[in-house]
Amino acid sequence: GAGVSQTPSNKVTEKGKYVELRCDPISGHTALYWYRQSLGQGPEFLIYFQGTGAADDSGLPNDRFFAVRPEGSVSTLKIQRTERGDSAVYLCASSVSGGETQYFGPGTRLLVL
Amino acid sequence: RKEVEQDPGPFNVPEGATVAFNCTYSNSASQSFFWYRQDCRKEPKLLMSVYSSGNEDGRFTAQLNRASQYISLLIRDSKLSDSATYLCVVRGIGGNNRLAFGKGNQVVVIP
């Protein structure tokens, strides 16, 4: 079956612009996670959704970052006033509720010039 | 201190050799432990879960030492296709399902 999909695969933007990154989880997975991976580092947790609600947003670095999942399926990560330091690969993962295994999407490579 | 510490390497391994590496984690309350594999410019994929009793999957063996808070991975009879970054992952820090990743061990298998 279809895995986790993310769009766009690559995004180049200018400092100060607004971007939206989309994640489409595996069908039936109620848990959805966003991570960010900088070059040479492991992924870092950003936010976790259980259904429509954000169960844990403690990893969001500041209030420029926001994520939604209005219907409990597709999620959008929104970054306002982008900074060069936001350049990274943004990974989305999903799992069944309470499931240990998280399945990752291919990521969105964000470059802020 | 980072939640999961790994020495990134790289680890240059002759084909057919055995390579072992480990990581340490800081929170003794961590619940679950994994090794993920990440190929260049690809997403992480679960390689195996890690249990205190140790577990083996073909040429791969994983061990967990809760007392010392470290996790190990051993790869026997290395293949060229084993070249990848191996990420040590801990779940349950902070009381939810989020995963905490190490930097990863970069393994390069040389013919």
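Order of the sequence lines fixes the chain letters, A, B, ..., with proteins taken first and strands second; residue numbering starts at 1 for each chain.
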Is there a side chain to side chain donor-acceptor pair (under 3.5 Å) between B:Q38 and A:Q37 once you walk through the steps? CA-CA 12 Å; B:Q38 187 170 30; A:Q37 186 171 23; 2.9 Å; yes

May I ask whether B:L47 and B:V13 are part of the same hydrophobic cluster, defined by side-chain heavy atoms of I, L, V, M, F, W, Y residues being less than 4.5 angstrom apart, directly or through others? yes

Got a second to check how far B:R91's CZ is from A:F45's CZ, nearest 0.5 Å? 12.0 Å

What pair of heavy atoms forms the shortest contact from A:Y33 to B:N97, and how long is it? OH-CB, 3.1 Å

Does B:V19 belong to the same Ile/Leu/Val/Met/Phe/Trp/Tyr cluster as B:F60, with side-chain heavy atoms less than 4.5 Å apart forming each link? yes

Less than 4.5 Å to any heavy atom of chain B: does that hold for the side chain of A:F104, its backbone, both, or neither? both

Transitive ILVMFWY cluster of A:L60, excluding itself - 4.5 Å side-chain cut-off: A:V19, A:L21, A:L32, A:W34, A:L46, A:I47, A:F49, A:F65, A:L77, A:I79, A:Y90, A:L110, A:V112

What parts of residues 103-111 of chain B touch chain A if we use heavy atoms and a cut-off under 4.5 Å? B:K103

Would you mind listing the cluster partners of A:I26? Hydrophobic ones only (ILVMFWY), side-chain contacts under 4.5 Å, chaining allowed. A:V4, A:Y103

Between B:M48 and B:Y70, is there shared hydrophobic-cluster membership here, with clusters defined by ILVMFWY side-chain heavy atoms closer than 4.5 Å? no

So which atom in A:L91 and which in B:P44 form the shortest heavy-atom distance, rounded to 0.1 Å? CD1-CD, 4.0 Å

Looking at A:G42, A:A31, A:P43, which one has more heavy-atom pairs under 4.5 Å with chain B than the rest? A:P43

Highest number of heavy-atom pairs under 4.5 Å with chain B: which of A:E44, A:Q102, A:Q50? A:Q102

Could you give the side-chain donor-acceptor pairs of residues 51-58 of chain B under 3.5 Å, partners two or more places apart or in another chain?
{"unit_1": "B:N55", "atom_1": "OD1", "unit_2": "B:Y51", "atom_2": "N", "d": "3.2"}
{"unit_1": "B:N55", "atom_1": "ND2", "unit_2": "B:S49", "atom_2": "O", "d": "2.5"}

If you count every heavy atom of other residues, nucleotides or ligands that lies below 6.0 Å from B:L80 atom CG, does the total exceed 12? yes

A:Y35 (side chain) donor-acceptor with B:F101 (main chain) under 3.5 angstrom: no

